[in-house]
Amino acid sequence: MKRPITAALAVIGYVIMIVPIIFVVATAFTAGSTLRFPPDGISLRWFDEALGYEPFIEAAISSLQLAMLATVLALLVGVPATLAVHRGKLPGKGLVEGLFLSPLIVPELVVGLALFQQLMIGMDLGNFSTLLVGHTALMLPYAVRVTGASLALADPGLEEAARGLGASPLRAFFTVTLPVLRPGIFSAGLLSVVTSFNNVPLSLLLQGRDFRTLPVTMLDYVQQSYDPMVAAASTLILAATVVIAVIAERTVGFAKIFGGINQ
Amino acid sequence: MTAAAELIGVTQRFGSFTAVDEIGLAIAPGKLTTLLGPSGCGKTTTLRMIAGYSAPTSGTIRIDGIDSTRTPPEKRDLGMVFQSYALFPHMTVADNVGYGLKLRKVPSAERRSRVMETLELVGLAHLADRKPKKLSGGQQQRVALARAIAIRPRLLLLDEPLSNLDARLRVQMRAEIRRIQAETQLTVILVTHDQDEALEMSDEMVIMNEGRIVQQGSPQQVFPRPADRFVAEFLGYENFLTAADGTPLTIRPEHLRVVENGHKQGHGLDAMVVDVAFRGVDLLVSLDVVDPSGATVRLLADVRSGATLTPGSSVTVIAPDDRLVSLPR
């Protein structure tokens with residue numbers, strides 16, 4: 001090890017992040033009926049319970065719908081905006097990009113409260129529509145970041161080359177630019193679905209009787225009954241998230257998505 | 001004979017910067033013309049205006065005699081090879097080369113045979129199904145060339161095509177491009193900052209500086225007769241001195257002769273050796289020379305190894321009249 005302090009910090013970081021997760025996963029496999037570590041025997045009964053618990057299933061479907069719709073909307077707004085920012089001769093480029101990235105900085109509770117005041121109270125929008133607006137805004141930075149990273153990597157000469165060979169600007173965009181950006185857009189979509197699905201602050205503030213996301217439902221459940229079913233549900237979500245994250249990492253790479261940490 | 005491309009009073013400004021300043025140029029069909037100059041001289045901007053990627057601020061561009069000043073690139077039928085090659089990363093070599101033919105709605109059987117024919121020409125038929133990423137720099141360069149040629153362009157435009165290759169490959173590709181040009185009879189415009197490349201490859205060379213054309217002609221015409229000090233320096237005339245009547249003169253290091261004193265000849269110049277650098281086959285000798293106007297100037301002479309010159313020794317420098325080039329004042 002060339003840098004012992006860096007290595008030690010990395011190890012501590014991993015321990016702090018991973019150990020609590022190991023506890024949750026371990027308790028999910030318990031055969032007993034309390035959230036305890038070490039678990040009392042091993043069984044899959046709590047997974048069975050979680051998958052059979054109507055409110056969780058219903059909420060999971062709601063969460064997925066919200067996550068996918070918000071992702072599609074964020075990509076539809078974010079990708080063209082990024083193209084315009086990077087390739088066009090737009091005045092105030094930096095301002096536009098900053099605006100699209102701002103949801104990363106503004107505290108979600110503030111966003112949530114603002115949406116609650118303006119859309120739900122002020123405009124009388126339903127809580128699903130309000131949540132959709134909120135999640136879309138939260139997902140925009142992913143669309144902008146990833147598209148920007150892919151664009152920065154793509155040779156600007158590609159479009160010119162296509163034009164020179166006889167393609168109209170529109171044709172060049174669809175046959176060259178878009179296919180080159182596709183892996184980036186794909187992984188932005190995956191990450192955005194995961195982030196929306198796991199979001200708590202916004203979903204908590206904007207929940208309603210008719211629409212509630214899975215994390216919020218689980219939070220409610222934990223407050224009332226302290227059994228390993230929540231651990232089992234969390235483990236399932238974790239597994240799905242890991243799979244998606246691995247796919248995203250394989251297609252583009254996190255470093256590129258999160259602004260070139262390792263470049 | 002109609003020029004393959006003609007620029008009339010073409011100017012390109014970017015804000016307050018004039019990249020190309022009212023140039024006039026006629027490109028002879030079937031020939032290889034190079035635009036040569038240091039970076040920022042306007043050569044690439046000129047090429048991009050011919051290709052249609054940027055419209056001139058003023059002036060007219062004709063291609064095959066037709067005013068094409070405002071024609072978008074896709075309507076010009078020109079083949080362009082970019083410095084970065086700009087190969088489509090998501091397509092195979094064959095699809096890259098066939099892209100322009102597909103847009104021209106060439107039926108797929110004919111397309112395939114024309115793609116293979118073109119790949120054959122650049123010696124890459126065996127790599128047709130590879131993705132560009134799997135190719136070496138030199139191979140990518142050939143694919144870019146094949147893609148530009150496949151559409152049978154009216155002009156083939158090459159923007160510093162060899163600058164990303166290593167030195168040996170670069171020299172090989174010069175001959176290769178000449179061969180392809182001869183086989184296809186294409187009109188080629190090549191942009192380069194490498195004078196050796198331009199001298200070796202050109203039928204006609206156009207030397208640019210600060211947005212203007214400073215000299216134009218065949219390498220055989222231009223090389224021995226640089227039009228001004230800029231061209232002389234660019235072509236490797238290292239030595240500048242002044243004649244007795246005040247005319248600026250230049251001469252190449254390899255044309256100066258250095259004679260050790262005691263062998264003094266009639267019209268030699270008095271000089272003192274400042275430094276001797278050993279370069280294998282020859283020696284590069286720095287000299288302080290009293291030129292015909294009486295001023296002392298630092299000159300470089302390229303002398304065969306074996307001469308016994310030491311720093312500080314007095315020598316005589318001979319600049320043969322037929323090698324001296326007079327420059328405008």
Side-chain angles (χ1 to χ4, degrees), chain A residues 75 79 82-84 86-94 146-190 247-253 255-257 263, chain B residues 14-15 44 47-48 50-54 71-92 95-106 115 118 131-133 140 143-161 164:
Chain A
L75 290 175
V79 173
T82 314
L83 283 171
H86 277 252
R87 289 284 154 86
K89 290 171 188 116
L90 222 63
K93 277 182 187 183
V146 180
T147 314
S150 312
L151 263 184
L153 288 176
D155 178 358
L158 290 179
E159 254 174 80
E160 287 186 344
R163 294 283 304 279
L165 290 165
S168 65
L170 204 65
R171 188 93 186 232
F173 177 78
F174 282 107
T175 55
V176 173
T177 312
L178 202 58
V180 169
L181 294 182
R182 198 180 292 141
I185 295 172
F186 176 69
S187 62
L190 287 181
I247 299 174
E249 167 65 19
R250 284 284 156 81
T251 41
V252 170
K256 278 171 206 155
I257 297 165
Q263 283 165 6
Chain B
F14 300 112
T44 294
L47 192 75
R48 290 178 58 82
I50 296 171
Y53 295 121
S54 73
T71 311
E74 63 267 27
K75 302 249 167 72
R76 292 194 187 202
D77 261 328
L78 310 179
M80 173 110 168
V81 173
F82 293 80
Q83 195 174 357
S84 66
Y85 314 144
L87 297 177
F88 306 135
H90 57 298
M91 296 182 196
T92 61
D95 289 342
N96 264 280
V97 178
Y99 184 84
L101 299 176
K102 204 168 175 181
L103 291 170
R104 281 164 183 72
K105 303 201 164 60
V106 175
V115 165
T118 315
K131 287 278 176 69
K133 239 187 226 153
Q140 292 186 17
V143 176
L145 201 57
R147 185 177 66 179
I149 294 171
I151 61 170
R152 293 177 188 155
R154 293 197 281 180
L155 286 171
L156 180 61
L157 310 175
L158 311 174
D159 184 11
E160 304 253 8
N164 288 335

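Letters A, B, ... are given to chains in the order of the sequence lines, protein chains preceding strands, and every chain is numbered from 1. Just the heavy atoms: all of them, side chains too, but no hydrogens, waters or symmetry mates, feed the values below.
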> About how many Å separate CZ of B/Phe82 and CZ of B/Arg48, when rounded to the nearest 0.5 Å?
Replying inline: 7.0 Å
> Quick one: side-chain hydrogen bond (donor to acceptor under 3.5 Å, both in side chains) pairs with a partner in residues 163-174 of chain A, sequence neighbours left out?
Replying inline: A/Arg163-B/Glu74
>> Which one wins on heavy-atom pair count under 4.5 Å against chain B: A/Pro169, A/Ala167, A/Pro179?
In response: A/Ala167
> Side chain, backbone, both or neither: which part of B/Leu78 has an atom under 4.5 Å from a heavy atom of chain A?
Replying inline: backbone
> Within 45° of the six-membered ring axis of B/Phe88 and under 6.0 Å from that ring's centre, is NZ or CZ of B/Arg147 located there?
Replying inline: yes
> If you count heavy-atom pairs under 4.5 Å with chain A, which of B/Ala86, B/Gly100, B/Ala51 comes out on top?
Replying inline: B/Ala86
>> If I measure from the heavy atoms of chain A, does B/Leu87 come under 4.5 Å with its side chain, its backbone, both, or neither?
In response: backbone
>> Restricting to side-chain hydrogen bond (donor to acceptor under 3.5 Å, both in side chains), what partner residues turn up for B/Asn164, sequence neighbours left out?
In response: none
